[in-house]
Amino acid sequence: MIQEYLFTSDEHRHTVEQYAPESCEKDIYDIDNSDCWIVTYSKEGTNESSAKILSSVHSYIVNNFHPTVLSNECSAYYNKALYPHFNEFERKLRKLLYLKSALSRDAKGSALIKDLESKDFGEIFTLLFSDAQFVQGTKALVNNKTWQFTKDEILAAIEAISENTVWDNLIGKDAVPLLRSDFAKVKSFRNDIMHAHSMETAKYNEAAKLIKEINKQLDAEIGNIIGTKETVQGDSAQDFNAALGDAIRNMDEAQSIKNWQEQLIALQSSIPTIKSENLTAALTAYTKIIDSPGFKAAQQLVSSPQWDSIQRSLKGISKIQTDISPALIELQKVASSIHQAVPPELLALQQSLQAFKPDPALLELLQKLNRWQDRLSDGQDKT
């Protein structure tokens, strides 16, 4: 069994060289053409005794010198030793839930067991030991505090919020009491084992003692369920599947909402980093335009009194053109209503109006000038 540590300078080399733990072999290797070097500590035998000695070495080296850990075989030993116990725990926990569901003797049992089989350990723990309403109430309580509150004040306020977990309601507060009280530790230890986190002797001893006792309590609870199977029926039994099914659906819906929120946040955060070649080219061209002398001269023209006069004249002409057609219609109505001879002046005006055609080019020019002014104004704002 071996421990390997990488150092990148000679800062701690003298102290490390002087450190010589009993019953361990130590070797130091230099890495050619660099300031890096490796120290190893090894112990014969892959067993708990060797792991305990090397774990003490690991604590000293890491806590005092903070090197890069290349190999940590004492931690690997502890993880491997604990894995069967935690695997047994997970299988027995599922067994307990499957039995409770199946013995309810209703049509929902089979479907519910399939739902449970699809859940991983983390989801099952959330389902059993986390109350979504309690979590929401606690978050709202803390967020609504507008003063410098104390720890005791927050704890007292949280204590007043009711917590109703699936485990308490469907399994029972007194069932597997060590799991009920220490489920957070169980989850943490399991994560360390599954993800090969560093584990030292003290944590190993605590985890081993806890999980072995929980497995015994699970065995006892499973025995109670099987021993009372003839009485597990009726409305109360059917409520188990209905309540657990509702809890699974609520958890899945909450997870879906969370996933959607996370995707939305990711999308929002990615927007500032989105780059488009076309957009970049367009912005470059726009920058060149607004920096050009012609654009500067146009901006000066727009801000001058002459520009207002030009616009008023063009708008007046445009208004006359657009008003001619309705005016001509009204004149025709007047002429048709006069029973006496139509005055020559009115006839002349009518003929002139009929001959007058609005100039499309002038209307288009006015529209272009208005759009141009808008773009110039926008350019002024950005510059």
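Keep in mind that this is a model prediction, so the values were computed, not measured. Sequence positions, counted from 1, serve as the residue numbers for this chain.
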Practice problem: Indicate yes or no: does D30 engage R13 in a salt bridge with an N to O separation below 4.0 Å. | Solution: yes
Quiz item: Does any N or O in the side chain of N87 come within less than 3.5 Å of the main-chain N or O of Y83, such that one atom is a donor and the other an acceptor?
Solution: no
Practice problem: Report yes or no: do V176 and V186 belong to one cluster of Ile/Leu/Val/Met/Phe/Trp/Tyr joined by side chain heavy-atom distances under 4.5 Å? | Solution: yes
Quiz prompt | Nearest-0.5 Å distance that lies between atom CD in E153 and atom CG in L155 | solution = 10.0 Å
Quiz item: Where is the tightest heavy-atom contact between S9 and W37, given as atom of each residue plus distance?
Solution: O-NE1, 2.7 Å
Self-check item: Taking every non-hydrogen atom, the tightest pair across V57 and C24
Solution: CG2-SG, 4.3 Å
Quiz item: Can a donor-acceptor pair be found between the side chains of Y5 and H58 at a distance below 3.5 Å?
Solution: yes
Quiz item: Does a salt bridge link R180 with D174, judged by any charged N lying under 4.0 Å from a carboxylate O?
Solution: no
Exercise. Decide yes or no for I28 and I38: does some side-chain heavy atom of the first lie under 4.5 Å from some side-chain heavy atom of the second?
Key: no
Quiz item: Can any side-chain N or O of Q217 pair as donor or acceptor with the backbone N or O of L178 at less than 3.5 Å?
Solution: yes
Self-check item: hydrophobic_cluster_shared for Y60 and I2, side chain cutoff 4.5 Å
Solution: no
Quiz item: Excluding sequence neighbours, so at least two apart, what forms salt bridge (charged side-chain N to carboxylate O under 4.0 Å, His left out) with E88?
Solution: K92
Exercise. Taking atom CD of E17 as the centre, report whether more than 12 heavy atoms of other residues, nucleotides or ligands fall under 6.0 Å from it.
Key: yes
Quiz item: What distance separates D182 CG from I214 CD1, expressed to the nearest 0.5 Å?
Solution: 6.5 Å
Practice problem: Look at the aromatic rings of F89 and F86 and report parallel, tilted or perpendicular, splitting at 30° and 60°. | Solution: perpendicular
Practice problem: Measure the CD1-NZ distance between I222 and K100 for me, rounded to the nearest 0.5 Å. | Solution: 12.0 Å
Quiz item: Is it the case that S55 and E200 place a side-chain donor and acceptor less than 3.5 Å from each other?
Solution: no
Quiz item: Counting N and O atoms only, with roles assigned by atom type, does the side chain of S75 sit under 3.5 Å from a partner on the main chain of N72, one being a donor and the other an acceptor?
Solution: no
Self-check item: Side-chain heavy-atom pair M194, R190 within 4.5 angstrom cut-off
Solution: yes
Quiz item: What distance separates T165 OG1 from F183 CZ, expressed to the nearest 0.5 Å?
Solution: 8.0 Å
Quiz prompt | Pairwise side-chain contact, D35 with T8, heavy-atom cut-off 4.5 Å (strictly under) | solution = no
Quiz item: So among I61, V62, N63, which one has a side chain to side chain contact (heavy atoms under 4.5 Å, CB included) with F65?
Solution: I61
Practice problem: Please identify each residue that fulfils side-chain hydrogen bond (donor to acceptor under 3.5 Å, both in side chains) with N47, with sequence neighbours left out. | Solution: S50
Quiz item: Does any pair with a residue in residues 204-218 pass salt bridge (charged side-chain N to carboxylate O under 4.0 Å, His left out), and if so which ones, sequence neighbours excluded?
Solution: K185-E206
Quiz item: Going by heavy atoms in the side chains, are L93 and L128 under 4.5 Å from each other?
Solution: yes
Self-check item: Closest heavy-atom pair and its distance - V16, K26
Solution: O-NZ, 3.3 Å
Quiz prompt | Contact check, side chains of Y41 and L54, non-hydrogen atoms, under 4.5 Å | solution = yes
Self-check item: L70 reachable from F7 in the ILVMFWY side-chain graph, under 4.5 Å edges
Solution: no
Exercise. Please tell me if the side chains of I171 and V166 come closer than 4.5 Å, counting only heavy atoms from C-beta onward.
Key: no
Practice problem: Scan residues 151-180 for pairs that pass ring pair (Phe, Tyr, Trp, His ring centres under 6.0 Å), counting only residues two or more places apart or in two chains. | Solution: F129-W167
Quiz item: Do I53 and Y19 belong together in a cluster built from hydrophobic side chains that touch within less than 4.5 Å?
Solution: no
Practice problem: For the pair E73 and K43, find out whether any cationic side-chain nitrogen is under 4.0 Å from an anionic carboxylate oxygen. | Solution: no
Self-check item: Main-chain N/O of P177 paired with S181 side-chain donor or acceptor, under 3.5 Å
Solution: yes
Quiz item: Got M1 and C74 here, is their nearest side-chain heavy-atom distance under 4.5 Å?
Solution: yes
Quiz item: Does the side chain of T40 come within less than 4.5 Å of Y29's, by heavy atoms?
Solution: yes
Practice problem: Taking all non-hydrogen atoms of both residues into account, name the closest pair between L96 and L218 and its distance. | Solution: CD1-CD2, 3.9 Å
Quiz item: So, for M199 and Y78, which heavy atoms are closest and what is the spacing to 0.1 Å?
Solution: O-CD1, 3.4 Å
Quiz item: Of all residues at least two apart in sequence or in a different chain, which pass the side-chain hydrogen bond (donor to acceptor under 3.5 Å, both in side chains) check with E221?
Solution: none
Quiz item: Quick one: side-chain hydrogen bond (donor to acceptor under 3.5 Å, both in side chains) partners of D192, sequence neighbours excluded?
Solution: H197, K203
Quiz item: Which pair of heavy atoms, one from I31 and one from L6, lies closest together, and at what distance?
Solution: CD1-CD1, 4.0 Å
Quiz item: Roughly how far, to the nearest 0.5 Å, is CZ of F189 from NE2 of H85?
Solution: 13.5 Å
